[in-house]
Colleague: 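Next up is a structure, given as structure tokens.
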Amino acid sequence: MTASTEPAPAGSPSGPDIATLVQEDRVDISLYTDPELFELEMDRIFNRTWVWVAHESEIPNAGDFRTSMVGRQPVIVTRDRRGGINVLLNRCRHRGASLCEAPRGNANGFTCPYHAWSYALDGKLRGIPYPDGYEDVLEKKDFPLHRLKVDSYAGMIFASFNPDVEPLADFLGPARHWMDLFMKQGAGFPVKVQGEHKFRFNGNWKIQLENTTDGYHFPIVHRSWMSSVDSETAEMLSFMTDEKAVTHSLGNGHSVMVMVPEHVDLDEDDGTEQLQGRFGHIVEELSRDYEPAQVRRIVRSMHGAGFNLNLFPNVAMSMAFFRVLRPLSATETEIRHMALGLDGGPEIVNRERLRIHEHFQGPFGFGSPDDSEAWDRVQRGAAAGPGVPIMVNRGLSREQDDSKGRVAHATDETGMREAYAMWKAMMTDVR
Amino acid sequence: MSVEPPTAEALVAPELPHLADPRTAAAVELVWREAHLLDRKQYHAWDRLWAPDGRYVIPIDPETEDFESTLNMVYDDDRMRRMRIERLTSGHSISVAAAARTVRTLSRFVVQHHDDATLTLSSAQVLVGHRREQTFVLGADVTHRVRLDGPEPLIQEKVIRLVNSEDAVNASGFLL
């Protein structure tokens with residue numbers, strides 16, 4: 001099943017029509033509301049480009065799997081016996097039943113609950129019960145599970161329905177440098193997923209896509225979180241007037257917003273930063289087993305990297321967590337916030353990272369519910385004034401070229417402009 | 001992973017107090033008073049129902065007892081619970097301002113354990129909420145460990161296991 005390259009059906013927005021919906025400083029409100037545009041997005045974006053499906057730490061051993069989504073299509077991400085990663089459509093080749101409904105686990109393969117067709121971890125059809133009815137009708141080798149193209153970088157696994165998709169390394173481009181920087185929060189340990197919060201909001205997926213590099217909302221929407229954390233953490237995230245807090249466009253819809261400039265490269269430490277007092281008990285415990293420099297390295301990384309990296313179209317690497325979005329319809333989106341820890345690292349550190357994650361994220365966190373309310377309100381407001389555009393023009397006059405793209409302040413809407421430029425290119429078949 | 005359901009004998013051991021027992025009745029009354037306060041969003045009064053060093057947990061993993069080492073939706077000690085109350089009452093949270101109106105019922109009480117100082121009570125909670133033209137239901141198994149050795153019963157630990165904890169649980173501006 002490859003992406004359709006057929007022209008849009010009659011009545012759908014055509015390429016030239018769609019091009020008018022996105023301008024440099026504004027986008028049409030129909031991008032949040034139009035079901036036809038949503039269908040085209042599934043076809044022209046989610047069925048054509050690289051979509052993030054899992055982190056390698058979720059499937060470390062042979063037989064490990066997790067279920068995921070590419071757009072609206074369910075897939076199983078597996079680690080086979082040779083260590084290879086497979087992304088398989090979660091659909092039996094016989095009569096279409098889903099093969100796996102568990103979110104994660106370990107298995108020898110997958111057996112359909114309906115007629116017990118069984119498949120290997122790499123998708124090969126292994127067994128058909130009562131095969132006499134298929135003599136001269138079906139060869140098992142011709143009916144494997146549908147495999148998507150798969151590749152990974154920095155442990156991040158991406159899949160694509162498009163056999164002709166550009167190499168993942170090219171798609172990520174300069175973002176790879178930031179992915180490498182992000183993983184330095186492991187402080188010498190591999191980064192692992194520690195769990196996830198999942199929730200839905202009544203709004204278009206691009207409202208969340210915009211939010212990852214929206215520094216402008218932070219002190220307003222998250223005022224109640226800011227007032228609940230210690231003064232050092234609040235100070236760390238007070239980037240509104242910090243000239244070093246910037247957003248870079250990285251091409252192909254990707255962007256990065258730097259909020260804590262001194263934590264961009266966690267290997268760089270001039271020794272002047274005071275470790276936060278809230279971690280005093282952790283410093284004390286770690287100091288029994290680790291050299292002072294390693295203790296400092298681990299504790300400086302406790303809040304993660306000092307930036308949010310937004311990878312078009314569906315994943316963000318945000319400080320100490322992954323944000324994954326799943327479009328459900330033009331007006332509904334599911335979000336997962338995946339907590340990260342140190343694989344094989346000190347238990348006290350991983351526990352503290354869980355507590356930091358719980359403080360902000362999740363349906364009862366001090367941050368996510370307020371984000372969700374803001375996004376709900378955007379979608380509700382989008383019903384009004386169909387001719388009134390969404391503005392993404394903040395910082396246009398101070399945006400500058402750098403070697404890799406455009407750069408402006410972290411509160412500016414440079415990341416959104418980058419994402420919408422990619423959206424426009426993909427939706428109008430320029431790419 | 002499947003777990004064998006406990007037998008009826010295990011759920012209601014003969015030596016445990018019946019619902020009519022004054023200790024059980026005091027715990028049930030506390031649980032109902034708590035539900036009343038939470039539905040009315042009287043969070044400061046709710047805080048006074050807690051024993052020192054109380055623990056308030058909404059886990060994601062339906063089986064775990066090791067809340068410390070797993071990701072939860074809520075994992076509050078006294079300090080965190082009071083910060084949560086401050087957030088809910090500060091007027092600075094847009095989700096709290098837009099919180100659903102809720103009506104909850106707790107019943108199906110079973111005494112799981114008791115000793116001289118505490119009684120552990122499990123129950124079923126059905127919460128109906130309404131917000132912006134949408135009505136929703138949240139179901140949960142709830143366990144309260146109640147201290148009974150003071151002048152009034154107090155909550156030592158409350159664990160809310162939502163039936164949909166591993167699936168999408170939508171952001172809310174209220175408490176369970």
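Sequence lines set the chain letters: A, B, ... in the order given, protein chains first and strands last, and positions in each chain run from 1.
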Colleague: Check whether any side-chain heavy atom of Asn202(A) lies under 4.5 Å from a side-chain heavy atom of Gln134(B), and answer yes or no.
Modeller: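 SC-SC contact between Asn202(A) and Gln134(B) confirmed.
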Colleague: Let me know if Asp76(B) has heavy atoms under 4.5 Å from chain A in its side chain, its backbone, both or neither.
Modeller: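 For Asp76(B), no heavy atom lies under 4.5 Å from chain A.
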Colleague: Stepwise, does the side-chain hydrogen bond (donor to acceptor under 3.5 Å, both in side chains) test hold for Glu347(A) with Ser69(B)?
Modeller: CA-CA 8 Å; Glu347(A) 185 63 21; Ser69(B) 300; 3.2 Å; yes
Colleague: If we define contacts as heavy-atom pairs under 4.5 Å, which of Gly105(A), Ser224(A), Ala102(A) has the most with chain B?
Modeller: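 Looking at each of Gly105(A), Ser224(A), Ala102(A) in turn, Ser224(A) comes out on top.
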Colleague: Can you tell which part of His357(A) gets under 4.5 Å to a heavy atom of chain B, answering side chain, backbone, both or neither?
Modeller: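 Answer is side chain: those atoms of His357(A) sit under 4.5 Å from chain B.
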Colleague: Can you establish whether the number of heavy atoms outside Tyr216(A) located under 6.0 Å from its atom OH is more than 12?
Modeller: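 No.
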Colleague: For the residue pair Phe199(A) and Val169(B), establish whether any side-chain heavy-atom pair is separated by less than 4.5 Å.
Modeller: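 Result no, sub-4.5 Å side-chain heavy-atom pair not found.
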Colleague: Taking it one step at a time, do Met80(B) and Phe366(A) satisfy side chain to side chain contact (heavy atoms under 4.5 Å, CB included)?
Modeller: CA-CA 11 Å; Met80(B) 192 70 183; Phe366(A) 289 27; 4.0 Å; yes
Colleague: Could you tell me whether the side chain of Arg132(B) reaches within less than 4.5 Å of the side chain of Arg380(A), counting heavy atoms only?
Modeller: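 Heavy-atom side-chain distance check passes, below 4.5 Å.
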Colleague: Do any of residues 26-59 of chain B have a heavy atom less than 4.5 Å from a heavy atom of chain A, and if so, which, in residue order?
Modeller: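 From residues 26-59 of chain B, the residues near chain A are Ile58(B).
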Colleague: Verify, without hydrogens or angle tests, whether Asn170(B) (side chain) and Arg200(A) (backbone) share a donor-acceptor contact under 3.5 angstrom.
Modeller: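 Present.
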Colleague: Drop me the distance from Glu68(B)'s CD to Ile348(A)'s CD1, to the nearest 0.5 angstrom.
Modeller: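 So the gap between those two atoms works out to 9.0 Å.
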Colleague: If you measure from NE2 on His222(A) to CD1 on Ile94(B), what distance do you get to the nearest 0.5 Å?
Modeller: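 These two atoms lie 8.5 Å from each other.
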Colleague: Ser228(A) versus chain B, heavy atoms under 4.5 Å apart: side chain, backbone, both or neither?
Modeller: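 Contact with chain B: backbone and side chain both.
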Colleague: Which atoms of Glu86(B) come close to chain A, meaning under 4.5 Å heavy atom to heavy atom: side chain ones, backbone ones, both, or neither?
Modeller: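 Neither part, no heavy atoms under 4.5 Å.
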Colleague: Who passes side chain to side chain donor-acceptor pair (under 3.5 Å) against Glu358(A), sequence neighbours left out?
Modeller: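 Glu358(A): side chain to side chain donor-acceptor pair (under 3.5 Å) contacts with Arg355(A), Asn72(B).
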Colleague: Closest approach of Phe174(B) and Phe364(A), non-hydrogen atoms and distance?
Modeller: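 So the two residues come closest at O-CE2, 3.4 Å.
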Colleague: Kindly check if the number of other-residue, nucleotide or ligand heavy atoms within 6.0 Å of CZ (Arg72(A)) is above 12?
Modeller: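 Atom CZ in Arg72(A) is packed in, count exceeds 12.
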Colleague: Report yes if the side chains of Glu166(B) and Glu196(A) come closer than 4.5 Å at any heavy-atom pair, otherwise no.
Modeller: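 Not touching, per the 4.5 Å side-chain cut-off.
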Colleague: Do Arg131(B) and Asp376(A) have side-chain heavy atoms sitting under 4.5 Å apart?
Modeller: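 Yes. Closest side-chain heavy atoms under 4.5 Å.
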Colleague: Are Arg87(B) and Asp370(A) within salt-bridge range, i.e. N to O under 4.0 Å?
Modeller: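 Counted as a salt bridge, because a side-chain N and a carboxylate O are separated by less than 4.0 Å.
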Colleague: Is there a side-chain contact between Tyr75(B) and His359(A) in this structure, where contact means two heavy atoms from C-beta onward sitting under 4.5 Å apart?
Modeller: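 In short, these two side chains do not touch, never coming nearer than 4.5 Å.
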Colleague: At what distance, to the nearest 0.5 angstrom, does OG of Ser90(B) lie from CZ of Arg223(A)?
Modeller: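 Here the interatomic distance stands at 7.5 Å.
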Colleague: In Å and rounded to the nearest 0.5 Å, what is the CD to OG1 distance from Gln194(A) to Thr70(B)?
Modeller: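 Result: 10.0 Å between the selected atoms.
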